[in-house]
Amino acid sequence: MNETIIKKMQEILGEAWVVTDLEKVKSYCEDQTEKAMKPKVCTDCVVVKPSTTEEISEIMKYANENKLTVIARGGGTSISGAAVAIMPSIIISMERMNNIIEVDETSLTVECEAGVTLLQLVELFNKHDNLYFPIHPGDEGAQVGGLVVMNAGGVRAVRYGVMRDQIKELEVVLPSGEVIKLGKNLIKNNAGLDLKNLIIGSEGILGIVTKATLSIKPKDKHIGSLVSSFDNESDAVKAVTEIFKAGIKPLAIEYMEKEAILKASNDIGLTWPSNDGAVDLYFIVSERKEDDLYEMYETIVGICEGNNALNSFVAESSKDQRTLLDIRSHVYPSIHDEVVDAIDAAIPIKNLSKYMENIAKISVKYNVEISTIGHIGDGNLHNSILTNGAVKPNNYEAIADEIFSLVIECEGSITGEHGIGKVRNKKMNLQFSEAELHLMREIKKVFDPNNILNPGTAL
Ligand SMILES: Cc1cc2nc3c(=O)[nH]c(=O)nc-3n(C[C@H](O)[C@H](O)[C@H](O)COP(=O)(O)OP(=O)(O)OC[C@H]3O[C@@H](n4cnc5c(N)ncnc54)[C@H](O)[C@@H]3O)c2cc1C
């Protein structure tokens, strides 16, 4: 990295907060994207660690004047290559901007700096009797800024929606260095175009989020989990449809192939409650009153049995609930070394059976293992293409093309939560018309005329 740039960064931040040591820099140039999908990493970068919005503004002004590439860096947990440096870049690590500013129990909000991690939020609200932050994607190292711009989802979207549904206000530094404040903590606000919603899900290409005010929820006192096993995915999907029709909103409904869940439980030495059948539904439910929780269990079990569930297991003790969650959380890590690509399509519930049946056909046609787990309650499934050692098969492109065409045929989206990043750009034209893509590119130009902010991402 050019010495003049390093000197300027040291002038803005002080020497201690400018990292040039190659080994240290390398760890900031990559994210958690599967190795077969990861774009070629460039390590000719400098990592800077600002602690204020003003410092970020100074860095952006300089970068914009000199047309230098900048990448905002959160927890580096992206699995779509969004945080990977592919050209010489100034990487702005948000790790020092990790202050929780205020929990407002009247407005039910938490205001925090963008470098606050999900783990910090979890720990903060573990100490609270009656409040919590509902979004929980798998990796607690993710930061608020990353959650905002990736519009993170996770398991509890069934009841609470995704990150977009929690964001009240944002502070953002534009590529020009200007600082803007977007959104208001109001239910009704119809003034102007909704710039806040443009930043949410923008994958870090429009501006750098420095602060966010997020909504928090009252905790339900009674929480439980339930597992039902089925012989096939079609019965499981029918059960989910009927559960929604019955007006039931669990916190989460997860879908897991039996082979994957048993492998995960075996790997971590815990016992999954059922060896029967080919697929499981795993529900997390919560209610304010105990009686309501029991009624919910009964209704869910009744519906599952009515759709040929082989058995159902209710986990009431916190130990049993923890065991189920630990095993579920380990499903992806337990197959990770074989994952070539984890496709994370979102499919409308009415087309889920058709989607799954055709995924099975694609697996047979190409003689490739495709493991399916996911957040079935919101139609977001993770179809992982698996090979020994995660080596990309020669026919990978044909397999992926067929899966993505199927996603579109099923009226779905090519990504439910992982984002386009730097791995799905070529598939954008499957989902969007040229007119829509043109609008997106023009919006990027308005925010970032010199294309300095994380180029090659999202579009
Ligand atoms: C094991 C595992 C499980 C996961 N499960 C889920 C899941 O269930 N649901 C889900 O949605 N995701 C999931 N993810 C993906 C990932 O956690 C999310 O995409 C997360 O939102 C990324 O946050 P981050 O802070 O790590 O961002 P990074 O990976 O550091 O960055 C991602 C993108 O955000 C940009 N960015 C980061 N911070 C800022 C900022 N302050 N301002 C502007 N741009 C910024 C970066 O430039 C980059 O483009 C999972 C990841 C892993 C590894």
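Quick caveat: nothing in here was measured; it's all calculated off a predicted structure. Both counts, for ligands and for their atoms, begin at 1 and track the order of listing. Worth knowing before you read on, the calculation uses all heavy atoms, side chains too, and leaves out hydrogens, waters and symmetry mates.
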Return the closest protein heavy atom for [atom] as residue, atom name and distance.
{"atom": "atom 5 (N) of ligand 1", "answer": "G138 N, 3.0 Å"}
{"atom": "atom 50 (C) of ligand 1", "answer": "I79 CD1, 3.8 Å"}
{"atom": "atom 2 (C) of ligand 1", "answer": "D139 CB, 3.9 Å"}
{"atom": "atom 31 (O) of ligand 1", "answer": "A83 CB, 3.7 Å"}
{"atom": "atom 11 (O) of ligand 1", "answer": "G153 N, 2.8 Å"}
{"atom": "atom 15 (C) of ligand 1", "answer": "T77 O, 3.6 Å"}
{"atom": "atom 12 (N) of ligand 1", "answer": "P137 CB, 3.8 Å"}
{"atom": "atom 44 (N) of ligand 1", "answer": "G204 CA, 3.4 Å"}

Only heavy atoms of [X], strictly under 4.0 Å: list the atoms of ligand 1 that pass.
{"X": "H375", "answer": "8 (O)"}
{"X": "A152", "answer": "11 (O), 21 (O)"}
{"X": "A114", "answer": "41 (N)"}
{"X": "Q143", "answer": "24 (P), 25 (O)"}
{"X": "I208", "answer": "42 (N), 43 (C)"}
{"X": "G207", "answer": "43 (C)"}

Identify the two heavy atoms, one from [X] and one from [Y], that lie closest to each other, and give their separation to 0.1 Å.
{"X": "V339", "Y": "A342", "value": "CG1-N, 3.9 Å"}
{"X": "G204", "Y": "L453", "value": "O-CG, 3.3 Å"}
{"X": "V25", "Y": "V19", "value": "CG2-O, 3.5 Å"}

message: Using a 4.0 Å heavy-atom cut-off, which part of A72 comes near ligand 1: side chain, backbone, both, or neither?
response: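 It is both backbone and side chain that touch ligand 1.
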
query: Can you tell which part of Q32 has a heavy atom less than 4.0 Å from ligand 1: side chain, backbone, both or neither?
result: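 Under 4.0 Å from ligand 1, Q32 contributes side-chain atoms alone.
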
message: Tell me every residue that passes ring pair (Phe, Tyr, Trp, His ring centres under 6.0 Å) with Y332, counting only those two or more places apart in sequence or in another chain.
response: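 Y332 satisfies ring pair (Phe, Tyr, Trp, His ring centres under 6.0 Å) with H336 only.
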
Report yes if [X] has an N/O atom closer than 3.5 Å to an N/O atom of ligand 1; otherwise report no.
{"X": "E203", "result": "yes"}
{"X": "V209", "result": "yes"}
{"X": "S78", "result": "yes"}
{"X": "I71", "result": "no"}
{"X": "A142", "result": "no"}
{"X": "N454", "result": "yes"}
{"X": "M94", "result": "no"}
{"X": "G75", "result": "yes"}
{"X": "E417", "result": "yes"}
{"X": "G146", "result": "yes"}

query: Hey, is the main chain of Q120 close enough, under 3.5 Å, to the side chain of E123 for a donor-acceptor pair?
result: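 Side chain of E123 to backbone of Q120, a donor-acceptor pair under 3.5 Å: no, none is there.
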
message: Under a 3.5 Å distance rule, please check whether N358 uses its side chain to pair with a backbone N or O of K354 as donor and acceptor.
response: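 Indeed, once roles are kept as given, a pair shorter than 3.5 Å links the two residues.
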
- request: Evaluate salt bridge (charged side-chain N to carboxylate O under 4.0 Å, His left out) for D31 paired with K422, printing each intermediate quantity in order.
  value: CA-CA 11 Å; D31 59 18; K422 297 184 181 81; over 6 Å; no

query: So, does V149 sit close enough to ligand 1 that a heavy atom of it is under 4.0 Å from the ligand?
result: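 Yes; V149 lies near enough to ligand 1 that a heavy-atom distance drops under 4.0 Å.
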
field: Heavy-atom gap M97 to ligand 1 smaller than 4.0 Å
entry: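 Checking ligand 1 against M97, which is what was asked, there is no heavy-atom contact under 4.0 Å.
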
Side chains of [X] and [Y], heavy atoms from C-beta outward: is any pair under 4.5 Å?
{"X": "I135", "Y": "Y160", "result": "no"}
{"X": "F230", "Y": "C304", "result": "yes"}
{"X": "W17", "Y": "P50", "result": "no"}
{"X": "I335", "Y": "S384", "result": "yes"}

message: Regarding K168 and D104, does a basic nitrogen lie under 4.0 Å from an acidic carboxylate oxygen?
response: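 Answer for the salt bridge query: no.
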
message: Check this for me: does any side-chain nitrogen of one of D280 and R328 sit under 4.0 Å from a carboxylate oxygen of the other?
response: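 Salt bridge between D280 and R328, a charged N being under 4.0 Å from a carboxylate O: no.
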
- prompt: Of L214, V144, L182, which is the lone residue that meets side-chain contact (heavy atoms from CB on, under 4.5 Å) with I167?
  reply: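 Single side-chain contact (heavy atoms from CB on, under 4.5 Å) partner of I167 among L214, V144, L182: L214.
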
task: Using the side-chain contact (heavy atoms from CB on, under 4.5 Å) rule, pick out the option among E113, E55, K49 that qualifies with M97.
output: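 Only one option passes, and that is E113.
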
message: Applying side chain to side chain donor-acceptor pair (under 3.5 Å) as the test, list every pair that has at least one member in residues 137-156; sequence neighbours left out.
response: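 Sorted result for residues 137-156: H136-E140.
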
